[in-house]
Amino acid sequence: MSTNPLPTDKPAVVTCGLPYANGNLHIGHMRTYVSGDALSRSLRKLGQKTAFVCGSDMHGTPVAVNAWKEGKSPREFALFWHEKYKQTFLGMSIEFDNYGHTDDETNTMLTREIVRKLDDSNHIYDKKILVAWDPVEDQPLPDRYVEGTCPHCGATARGDECDDGCQRHLEPGEVLNPKSIITGNEAEYRNKSHKFFRISDFQNYLQGFINRLEGTTNAKNQPREWIDGSLHDWCITRNIDWGISYPSDEKTDLVLYVWVDAVVEYISSTKQYSDRVGSTLFDWEEAWKQDGEIIHVIGRDIIQHHAVFWPAMLHGSGYSEPRAIMATGFVNLNKKAFSTSRNRAIWVDDYFSEDFDPDLLRYYLVTVGSLQDDIDFSWANFADKVNGELVGNIGNFLYRSMLFAQREYGGAPEKQVSKEVQDRIQEAIVEFSNSINNYSLRNSALSGAKLAQYGNAYIQQNEPWKLLKNNPDLAAQIIRDCVQICKAVCILLSPTMPNTTQKLWEEMGEFGSIHQVTLSESLESPPLSFEPPSEPFMPIDDKKIKKLDNKLEQQITSPSNPEKQSLVSQDNGQKRIPFEHFQKLDLRVGKILTAKEISGSEKLLKIEVDIGSETRQIVAGIRKFYSPDDLIGKSVVVITNLEKATIFGTESNGMILAAGDTADLLTTYANSPPGEKIR
RNA sequence: AGCGCGAUAGGAUAGCCAGGAUAUUCCGCCGGGCUCAUAACCCGGAGAUCGGUGAUUCAAAUUCACCUCGCGCUACCA
């Protein structure tokens with residue numbers, strides 16, 4: 001990277017944090033991608049050679065777990081979302097020069113090559129750690145494959161994090177009563193050898209790097225705690241069979257941790273772009289190995305990965321470091337965080353289904369607040385912004401000016417642009433360019449919006465409609481100025497609103513793509529003839545907002561999860577559960593071996609049941625209806641993965657199913673043996 | 001708990017790094033103008049002592065210290 005102002009003569013790469021191929025995208029996600037898209041378009045406006053790349057993040061435990069839940073292979077599952085994302089980005093006019101995925105050949109090769117280099121230069125070592133294991137299936141249970149009790153707060157927690165309770169990170173071996181989330185089997189911890197990346201080797205380097213790094217202040221400061229403190233080495237392998245296998249001469253069944261190959265996709269995707277268009281148009285090696293301008297646009301939750309692990313990996317394997325990290329804040333919904341599990345979100349598909357132009361949301365996301373701050377979305381705010389700024393100000397100015405010009409002069413009047421207007425446009429160009437160099441997309445977009453505002457005041461105060469009779473020469477001059485402003489406004493806003501500005505560009509009689517021209521074109525003469533313009537933006541009326549708010553309200557109060565939505569329906573007022581909820585129950589045939597009364601209790605029996613793999617002790621409230629002797633040898637249905645309970649001082653490890661108030665025991669029709677799974 | 005980011009009129013938001021006199025802009029509100037334009041546009045007005053306390057300074061929204069609240073990160077969450 002360089003510290004010269006942009007544009008430089010080096011190629012630039014703009015990347016966005018990889019979407020994890022695990023479910024639908026909402027407008028909060030879009031903030032990162034719209035910002036990346038607007039940034040790369042803006043850089044090109046400055047004349048910077050730029051590649052805008054990204055890809056889907058395919059690997060990792062959550063994909064594997066969710067694929068398993070849907071009965072699909074991880075690859076099939078992740079590819080489904082990968083294809084879906086491509087459509088989503090297309091719909092939002094987010095145009096990557098290359099959009100790959102982490103499971104493709106380029107990334108697999110490049111990732112292994114980079115890791116091998118780190119290994120060869122002795123930055124990687126082996127260390128034995130505790131790994132949760134399913135002893136019955138003889139399977140490792142990494143990260144989220146394990147569930148248990150949080151040792152800190154007692155809530156149900158995943159193996160890696162107490163996600164429902166105190167949010168604390170959990171080390172392997174910490175979670176109590178660990179169980180496999182797949183089989184429900186109790187997990188045990190085994191000592192396994194894993195690969196560790198010695199980040200401490202790079203402490204000095206990183207301390208220099210973080211001082212050079214440009215971008216948002218959160219990205220520049222947050223990693224200092226680690227970099228200036230002590231750097232822990234990073235475990236970069238996992239025991240699952242979904243991922244990129246560890247590059248090694250010895251035989252290994254380790255795969256790389258998803259965060260290793262995810263970031264390498266930035267390089268891989270650039271390489272694919274180069275390979276496609278040829279290295280004269282864009283040379284990926286020049287960008288990544290000879291100090292190109294690499295700019296990462298990410299969500300502020302993944303700063304450490306990009307400002308600590310990633311530069312260390314790059315530096316250790318001979319690649320250039322990023323110039324800037326732009327970490328976006330989150331998008332809140334009516335002041336509260338999005339919650340995908342509660343369906344408290346505006347999904348991009350929902351936005352599309354309302355037939356809104358993507359430009360409206362793009363403008364909203366870019367201009368509503370500073371990039372690194374959290375912003376709020378509500379349909380009312382959205383409509384305010386569209387109606388006030390886009391329809392009333394920008395759209396109105398463009399429309400009234402171009403309509404006037406077309407009607408009276410058939411296009412731009414044959415006059416020279418006035419000094420005043422030329423200077424004002426020049427000022428906007430400088431503002432745009434400075435904003436990009438300060439990594440403020442908001443200000444870069446506002447340079448165009450403010451110019452339109454100036455235009456409205458300019459036309460209003462000069463009243464060319466009055467001048468037409470008394471001073472037609474001056475009227476023509478004023479309108480010529482306005483058309484020039486229109487042209488400049490379109491160019492300045494084209495990174496934020498690519499569709500609308502392209503349409504206006506054509507209506508203005510310009511040829512080709514507005515995205516090919518640079519800022520200086522703003523001062524070139526507009527065409528002398530063009531067709532009548534159309535209205536660039538349509539207002540959103542109150543009824544529509546109410547409708548959208550109601551829809552959102554309904555969506556939030558309904559209990560469904562977005563991914564499960566299609567499986568959930570209301571029927572006879574009864575709540576339906578998705579099939580996978582049923583799948584979570586481990587129901588098995590059991591054979592009652594012994595049954596004893598529990599002294600002091602009128603209702604309870606202590607029962608030992610053979611469930612095939614083991615004998616379970618279960619406490620059942622059926623003493624009133626059965627004598628212990630009658631029960632022995634009976635086949636029953638047992639929930640085996642119910643959490644343990646202590647009833648009347650006796651441990652109960654499961655539940656025997658019975659019907660109605662008389663505890664009519666459920667049994668099998670034929671003679672399935674104990675342990676048979678019920679489905 | 002530690003660290004990071006943030007808190008500015010009724011709502012939203014700029015300025016903070018490089019301290020300077022009436023704190024920006026938008027929505028809403030009040031008054032006026034215009035009629036080319038999508039009841040859009042333009043001009044004027046009211047409304048914030050800039051989360052709290054203290055310090056530095058001729059001067060603090062801006063620097064420093066402490067505190068409160070919100071959000072995030074804390075390495076095995078992608």
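Sequence lines set the chain letters: A, B, ... in the order given, protein chains first and strands last, and positions in each chain run from 1.
- Residues meeting the salt bridge (charged side-chain N to carboxylate O under 4.0 Å, His left out) test with A:Asp374, sequence neighbours left out: A:Arg300.
- Residues passing the salt bridge (charged side-chain N to carboxylate O under 4.0 Å, His left out) test with A:Glu225, sequence neighbours excluded: none.
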Measure all distances between protein nitrogen or oxygen atoms and nitrogen or oxygen atoms of nucleotides 23-31 of chain B, and list the pairs falling under 3.5 Å.
| unit_1 | atom_1 | unit_2 | atom_2 | d |
| --- | --- | --- | --- | --- |
| B:C26 | OP1 | A:Gln453 | NE2 | 2.9 |

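- Between A:Arg300 and the phosphate of B:G6, there is no side-chain N or O to OP1/OP2 separation shorter than 4.0 Å.
- Contact check, A:Gln461 against B:C43: a side-chain N or O comes under 4.0 Å of OP1 or OP2.
- Applying the side chain to side chain donor-acceptor pair (under 3.5 Å) test between A:Ser268 and each of A:Thr111, A:Thr108, A:Asn107 identifies A:Asn107 as the sole match.
- When heavy atoms are screened at a 4.0 angstrom cut-off, A:Leu403 is found touching the sugar-phosphate backbone but no base atom.
- Residues passing the ring-ring contact (aromatic ring centres under 6.0 Å, His included) test with A:Tyr99 are A:His82, A:Phe89, A:Phe96, sequence neighbours excluded.
- Each ring pair (Phe, Tyr, Trp, His ring centres under 6.0 Å) pair with one or both residues in residues 441-487 of chain A, not counting sequence neighbours, appears once here: A:Tyr454-A:Tyr458.
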Please tabulate, one pair per line, all N/O donor-acceptor pairs under 3.5 Å involving side-chain atoms of residues 393-402 of chain A, not counting sequence neighbours.
| unit_1 | atom_1 | unit_2 | atom_2 | d |
| --- | --- | --- | --- | --- |
| A:Asn393 | OD1 | A:Asn456 | ND2 | 3.2 |
| A:Arg400 | NH1 | A:Asn456 | OD1 | 2.8 |
| A:Arg400 | NH2 | A:Gln460 | OE1 | 3.1 |
| A:Ser401 | OG | A:Phe397 | O | 2.8 |

Any N/O pairs under 3.5 Å between the protein and nucleotides 9-12 of chain B? List them or say none.
| unit_1 | atom_1 | unit_2 | atom_2 | d |
| --- | --- | --- | --- | --- |
| B:A12 | OP1 | A:Lys335 | NZ | 3.0 |

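- Under 4.0 angstrom from either OP1 or OP2 of B:U74 there lies no side-chain N or O belonging to A:Gln304.
- OP1 or OP2 of B:U38 sits under 4.0 Å from a side-chain N or O of A:Tyr399.
- The side-chain hydrogen bond (donor to acceptor under 3.5 Å, both in side chains) check on A:Ser534 picks up A:Glu507, with sequence neighbours excluded.
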For nucleotides 60-67 of chain B, print each protein N/O atom paired with a nucleotide N/O atom at under 3.5 Å, atom names and distance only.
none

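- A donor-acceptor contact closer than 3.5 angstrom is absent between the side chains of A:Asp253 and A:Tyr246.
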**OP:** Determine which bases of RNA chain B form Watson-Crick or G-U wobble pairs with both distances under 3.5 Å, and write the result as a 5' to 3' dot-bracket string with | for other-strand partners.
**Re:** (((((((..(((.......[....))).(((((.......))))).....(((((..]....))))))))))))....
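- OP1 and OP2 of B:A37 both lie 4.0 Å or more from every side-chain N or O belonging to A:Ser401.
- Residue A:Trp226 and nucleotide B:A75 are classified as a stacked aromatic pair, their ring centres being separated by less than 5.5 Å at an interplanar angle below 30°.
- Under the side chain to side chain contact (heavy atoms under 4.5 Å, CB included) criterion, A:His194 pairs with A:Ile129, A:Val131, A:Lys192, A:Phe196, A:Cys235, A:Thr237, A:Asn239, A:Leu254, sequence neighbours left out.
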Listed pairs under 3.5 Å, donor-acceptor, residues 467-475 of chain A side chains, sequence neighbours left out:
| unit_1 | atom_1 | unit_2 | atom_2 | d |
| --- | --- | --- | --- | --- |
| A:Asn471 | OD1 | A:Leu474 | N | 3.2 |
| A:Asp473 | OD1 | A:Lys415 | NZ | 2.6 |
| A:Asp473 | OD2 | A:Lys415 | NZ | 3.2 |

